[in-house]
Student: 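One structure follows; several queries about it will come next.
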Amino acid sequence: MDNKKSTPDIKPPHELLSGIQSWRPYQSTQPCCEPILHIHAKDLSIRYHQRMALQQVNLAINQGCITALVGPSGCGKTSFLMSINRLTDLIPGCQVSGQLELKGTNILAASANLLQLRRKVGMIFQKPAVFPFSIKRNLEIPLREHGWKDKTTLSSRIESALSQVGLWNEVKDRLDQPAQALSGGQQQRLCLARALVLSPEILLLDEPCSALDPLSSGIVEDLIMDLRGQLTIVIVTHNLAQARRMADHVAVFWSIKGKGQLLEYGPAQSIFDSPQHELTAAYISGARG
Amino acid sequence: MLASSKTIGEKSTTLLVWTAATFIAIPFCWLVGDLLWHGWHHLSLNFVLAVPQNAGREGGIGPILVSTGLIVGVCMAVALPIGVGAALFLSEYTPHDQVSGRLVRGSLDVLAGVPSIIFGLFGNAFFCQTLELGFSILSGGLTLACMVLPILIRTVEESFRAIARDQRLSAAALGLSKKCSIQYILLPAAIPGILVGSILGLGRAMAETAALIFTSGYVDRMPTSLLDSGRALSIHIYDLAMNVAGGNPNAYATALVLVGLLMMINLIASRIAEQWTTKNQLPT
Amino acid sequence: MTLSSNNISSHSKTDLYFSWSLRGCSILAGSLLLLVISFILHEAWPALTQIGLTRFFTDNGWFPTEASYELTPIFWGTILSAGGSIILATPLGMLSAIFCHFYAPPLLARWYRRMIELLAGIPSVVYGFWGLVVLVPLISSWHPPGPSLLAGVLTLTLMITPTIMLITHSSISQVPTTYIHSAVALGLNRWAVIWRIVLPASRIGILTGIFLGLARALGETLAILMVSGNVVQYPSHVFDPIRTLTANIALEMAFALDHHRAALFMSGLFLMSLVLCFVIVAEALRRKTTYAGVK
């Protein structure tokens, strides 16, 4: 962890990668996307047993932005995402090294409070993973566990979370029915509500729309766009059109000789319009990946 | 020429297979028919409730049903919490390749194969004598608990492993502690599997005889406490058939009750398992 | 950074207590086998030290009250009854599994399988009772006395055939259909497909079934006790009564004292080692199939 180079912390990470021009701090035109550093990965590497899945990633994610992680399968995007809430701990044989700071606190430190961390960092998976209980219970379990016991608070938080994802009017009469009875899109929105009910600061999305039909996918996408500015959102996606529609920043990951690496990072527009790396250009044009 | 010899071969093997199948079916029908034929007209509400008289030749099986219920109850009350706890530990805390998990699993697999009479010997030495519980319902129930633990743990562990990994990840991603995620998410989700496991264990406990002969004893009176000796249904059948001349009619009726109970138990278990699998196969 | 180590360090005492109580349950369950073995050994110890292992084979007959502890005829009773039943049950079980999978019409196959499952669920005491009231008189009318090795073998056969059938059935249904289709495409007839392709492909499963059946036959107590006459002797033909290790224990435990009791535990130890050999082989085979299946 202490193999830090003498360069200052905010040193553009892309100078470390050869063949890439120096990094320009992104100045957003949208007021919600302030250039305040929220998630900062420094020399982050992830290993599965002895296999290097992600090598020395340096990435600074701004507060309130939507940052899309794109790239072919197996290049370490999801591993990177899961290291932000340390869900990597649950994967046998997975080791994370380097530093990962949330607002300046290294969450990879042994002293990090995992439960608090995960409360502040919500996560949505590819397949909607609703718990096999009632809709209400799905939201109640995390709330109760994090200390909200009062009945009226519980129900008001549940209502506001469900409203936020546009589910309230659809399900308010059947809160006690099993969540699996909902459609795929509704289940994914319930998962979103379940993450939002804890008022997180960061939302991690692992291909949240890829298991949904186009219509539900559009609804979920709009919801995520609505959250822009309120939360820092990191989304893994295979759908480049989606990344182009949603993201403020795009990070392109690539697997080089079996090791995942960060290829290019910058404002969405510049990545899509004038990619710096030839692999990125090929990937975006559809020639590679 | 070739074709005809082939058909003869095919015909004779078909005959062989059908004959073997019939050879199994005949004694089955005979056994069940025999039980029904001799036992049915003996069966009545009075028989089920009444106290056995004249060493069981007359009267009913009331106290024996109560004793059986108590023995099986003690067995499940002890085996269920330990079994679920061990299954949880094996599935949630030990990766598949870890040595400690493999040791426990291996030891349980071997334990499942130990003959029931050996459990009887063990129960007699350990519970009756060392722990000084004597010939009692408690001793019998505890002995049976040792016997059903392996099958219980294996079924319950499988039902925990069948829960999707996404559920665990989502729970962790919400900042739920391990205990909370087990208590509120995994345990409720595995309840059908736990039920099936307990019912299978219950069936095995109820069918058992050899492990009970010298742990719970023979006394056919109504038990007043768990430290009383109590006679299980299976032992009643054994005793009537072997030691009581003229006990056969009541033995038939008791056997019919026992087999009926066990079939009911199996039916319930397979119903639950069926419903569970169809529910799990629904698109999520 | 495995699942266990890191989540236990989730800074929560309740979590720690919880995981330790689960660990306790699993240690308790895992050490049960050791407990059983050590108690049987403890009770058998006087027999081992004061009677000695060899006298169980060299004494003149089984008269425990007169300090004569020869177990050899009882061993033979156990081996002959279990061996005889496995010889009968193996082909019957295999053929009925084949019947169920390849020959029976679907509806009949379903009912047949259900019947076998019921048969597997009938308690041994009921088999014993049926053998006593139906089989034994039948044999007696053919060749007295009736309670005999034959009655024991037949009862055990009836009990272990379902075990073998069910395991064989499940392992032949795991044979990939592509094997069967390509065999049929080669012009093999039904029996040839079964004999040349299906049975060899599922041989490990079948072997597992046979070993488990054998273990069950060796350890069976009540059924064999009720039908086989329980005379301690070397049987000269199948109509002679025999006594098995299990029956010996069940019959004499009630009044056995001191050395007699220790000798009974000793015979339990013999029985257990014999059965566990087969169980361990069956388990090893089962693991082999699951690993092969994964690959």
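Order of the sequence lines sets the chain letters (A, B, ...), proteins ahead of strands, with each chain counted from 1.
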Student: Heavy-atom distances under 4.5 Å only: say whether C/A250 touches chain B with side chain, backbone, both or neither.
Tutor: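 Both backbone and side chain.
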Student: Anything under 30° is parallel, anything over 60° is perpendicular, the rest tilted; go ahead and classify B/F126 against B/F122.
Tutor: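 Rings of B/F126 and B/F122: parallel, as their planes differ by under 30°.
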Student: Which answer fits C/W191, side chain, backbone, both or neither, if we ask what part of it has an atom under 4.5 Å from a heavy atom of chain B?
Tutor: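 It is both, since atoms from each part get that close.
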Student: What part of C/I280 gets within 4.5 angstrom of chain B, counting heavy atoms only: side chain, backbone, both, or neither?
Tutor: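 Just its side chain gets close to chain B.
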Student: Only pairs of heavy atoms separated by less than 4.5 Å count here; which of B/A241, B/S270, B/A255, B/G120 has the most with chain C?
Tutor: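 Top count of heavy-atom pairs under 4.5 Å with chain C: B/A241.
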Student: Side chain from CB out, backbone as N, CA, C, O: work out which of these in C/V133 comes under 4.5 Å of a heavy atom of chain B, or both, or neither.
Tutor: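 Only the side chain of C/V133 comes within 4.5 Å of chain B.
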Student: With a 4.5 angstrom heavy-atom cut-off, which part of B/I118 approaches chain C: side chain, backbone, both or neither?
Tutor: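 Both the backbone and the side chain of B/I118 come within 4.5 Å of chain C.
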Student: Heavy-atom distances under 4.5 Å only: say whether C/I116 touches chain B with side chain, backbone, both or neither.
Tutor: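 Just its side chain gets close to chain B.
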Student: Heavy-atom pairs under 4.5 Å with chain C - which of B/G113, B/S107, B/C29 has more of them than the others?
Tutor: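 Highest number of heavy-atom pairs under 4.5 Å: B/S107.
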Student: So which residue, C/I98, C/L118, C/I37, ends up with the most heavy-atom pairs under 4.5 Å with chain B?
Tutor: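 Option with the top pair count is C/L118.
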Student: Under 4.5 Å heavy-atom distance to chain C, tell me which part of B/P150 shows up: side chain, backbone, both or neither.
Tutor: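 Contact with chain C: none, neither part.
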Student: Less than 4.5 Å to any heavy atom of chain B: does that hold for the side chain of C/R261, its backbone, both, or neither?
Tutor: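 The side chain, not the backbone.
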Student: Do you know which of B/L240, B/L103, B/T254, B/T130 has the most heavy-atom pairs with chain C at a distance under 4.5 angstrom?
Tutor: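 The answer is B/T130.
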Student: Between C/T246 and C/E220 (side chain of the first, backbone of the second, donor and acceptor by atom type, cut-off under 3.5 Å), is there such a pair?
Tutor: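 Yes, the answer is positive, given that a donor and an acceptor are paired below the 3.5 Å cut-off.
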Student: Does some side-chain heavy atom of B/M242 sit less than 4.5 Å from a side-chain heavy atom of C/L132?
Tutor: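 Counting from C-beta outward, C/L132 and B/M242 do come under 4.5 Å.
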Student: Out of B/I153, B/N248, B/V84, B/L90, return the one with the most heavy atom pairs under 4.5 angstrom to chain C.
Tutor: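 Most heavy-atom pairs within the cutoff with chain C belong to B/N248.
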Student: Given a strict heavy-atom distance threshold of 4.5 Å, which part of B/F23 is in contact with chain C: side chain, backbone, both, or neither?
Tutor: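 Just the side chain, heavy atoms under 4.5 Å.
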Student: Are any of the side-chain heavy atoms of B/L108 and B/R154 separated by less than 4.5 Å?
Tutor: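 No, side chains not in contact.
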Student: Answer with side chain, backbone, both or neither: which region of C/L108 has an atom nearer than 4.5 Å to a non-hydrogen atom of chain B?
Tutor: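 C/L108 touches chain B through side-chain heavy atoms alone.
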Student: Taking the side chain as every heavy atom from C-beta outward, state whether B/T94 and B/S100 have any atom pair closer than 4.5 Å.
Tutor: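 Yes, close enough: below the 4.5 Å cut-off.
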Student: How far apart are the closest heavy atoms of C/V136 and C/P147, and which atoms are they?
Tutor: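 Here C/V136 and C/P147 meet closest at CG1-N, 3.6 Å.
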Student: Is it the side chain or the backbone of B/Q129 that comes within 4.5 Å of chain C heavy atoms, both, or neither?
Tutor: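 Only the side chain of B/Q129 comes within 4.5 Å of chain C.
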Student: Show the numbers, then the answer: is there a side chain to side chain contact (heavy atoms under 4.5 Å, CB included) between B/S181 and B/E92?
Tutor: CA-CA 11 Å; B/S181 107; B/E92 302 305 313; over 6 Å; no
Student: What is the minimum heavy-atom distance between C/C25 and B/P81, and which atoms define it?
Tutor: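 In this case the closest contact between C/C25 and B/P81 is SG-O, 4.2 Å.
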Student: Which bit of C/F99 comes within less than 4.5 Å of chain B, counting heavy atoms only: side chain, backbone, both or neither?
Tutor: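 Looking at C/F99, backbone and side chain both touch chain B.
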Student: Looking at C/A29, C/A97, C/S96, which one has more heavy-atom pairs under 4.5 Å with chain B than the rest?
Tutor: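 Of the options given, most contacts go to C/A29.
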Student: Given the options C/L119, C/L212, C/V275, which has more heavy-atom pairs under 4.5 Å with chain B than any of the others?
Tutor: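 So the answer, after comparing C/L119, C/L212, C/V275, is C/L119.
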Student: Using non-hydrogen atoms only, which part of B/A25 is less than 4.5 Å away from chain C: side chain, backbone, both, or neither?
Tutor: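 The answer is both parts of B/A25.
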Student: With a 4.0 Å cut-off on N to O distance, would you call C/R113 and C/E117 a salt bridge?
Tutor: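 A salt bridge links C/R113 with C/E117.
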Student: Look at B/V104, B/T19, B/D109, B/L16 and state which one has the largest set of heavy-atom pairs under 4.5 Å with chain C.
Tutor: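 With the most close heavy-atom pairs to chain C, the winner is B/D109.
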Student: Please identify which of these residues, B/I213, B/I235, B/I117, meets the side-chain contact (heavy atoms from CB on, under 4.5 Å) condition with C/L222.
Tutor: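 So the option named by the test is B/I213.
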Student: So which heavy atom on C/A120 is nearest to which on C/L166, and how close?
Tutor: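 Looks like CB-CD1, 4.1 Å.
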Student: Let me know if C/L218 has heavy atoms under 4.5 Å from chain B in its side chain, its backbone, both or neither.
Tutor: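 Neither part.
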Student: Report yes if the side chains of B/N124 and B/F135 come closer than 4.5 Å at any heavy-atom pair, otherwise no.
Tutor: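 SC-SC contact between B/N124 and B/F135 confirmed.
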Student: Of all of C/W130, C/F18, C/W195, which one pairs up most often with chain B through heavy atoms under 4.5 Å apart?
Tutor: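 The candidate making the most pairs under 4.5 Å is C/W130.
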Student: Out of C/E43, C/R190, C/M94, which one racks up the most heavy-atom pairs below 4.5 Å with chain B?
Tutor: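 Option with the top pair count is C/R190.
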Student: So, are B/E157 and B/R161 salt-bridged, with charged N and O less than 4.0 Å apart?
Tutor: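 The answer is yes: the pair qualifies as a salt bridge.
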Student: Any non-hydrogen side-chain atom of B/W30 less than 4.5 Å from a side-chain atom of C/L135?
Tutor: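 No; the side chains remain at least 4.5 Å from each other.
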Student: With respect to chain C, which residue among B/L149, B/L35, B/I237 yields the maximal number of heavy-atom pairs within a distance under 4.5 Å?
Tutor: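 Looking at each of B/L149, B/L35, B/I237 in turn, B/I237 comes out on top.
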Student: Does any heavy atom of chain C fall under 4.5 Å from the side chain of B/V110, the backbone, both, or neither of them?
Tutor: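 It is both, since atoms from each part get that close.
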Student: So for C/T161, is it side chain, backbone, both, or neither that comes closer than 4.5 Å to the heavy atoms of chain B?
Tutor: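 It is the side chain, since no backbone atom gets that close.
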Student: More than 12 foreign heavy atoms under 6.0 Å from OH of C/Y112: is that the case here?
Tutor: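 Atom OH in C/Y112 is crowded, with more than 12 foreign heavy atoms closer than 6.0 Å.
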Student: Taking every heavy-atom pair that is under 4.5 Å apart, which of C/L35, C/I122, C/L28 has the most such pairs with chain B?
Tutor: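 That would be C/L35.
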Student: Contact part of C/L271 toward chain B, heavy-atom cut-off under 4.5 Å: side chain, backbone, both or neither?
Tutor: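 Only the side chain of C/L271 comes within 4.5 Å of chain B.
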Student: Kindly indicate whether a cation-pi arrangement holds for B/K179 with C/Y17, taking the cut-offs as under 6.0 Å to the six-membered ring centre and within 45° of the axis.
Tutor: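 Here B/K179 fails the 6.0 Å and 45° test against C/Y17.
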Student: Between C/F129 and B/Y252, does the ring centroid distance fall short of 6.0 Å?
Tutor: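 That pair passes the under 6.0 Å test.
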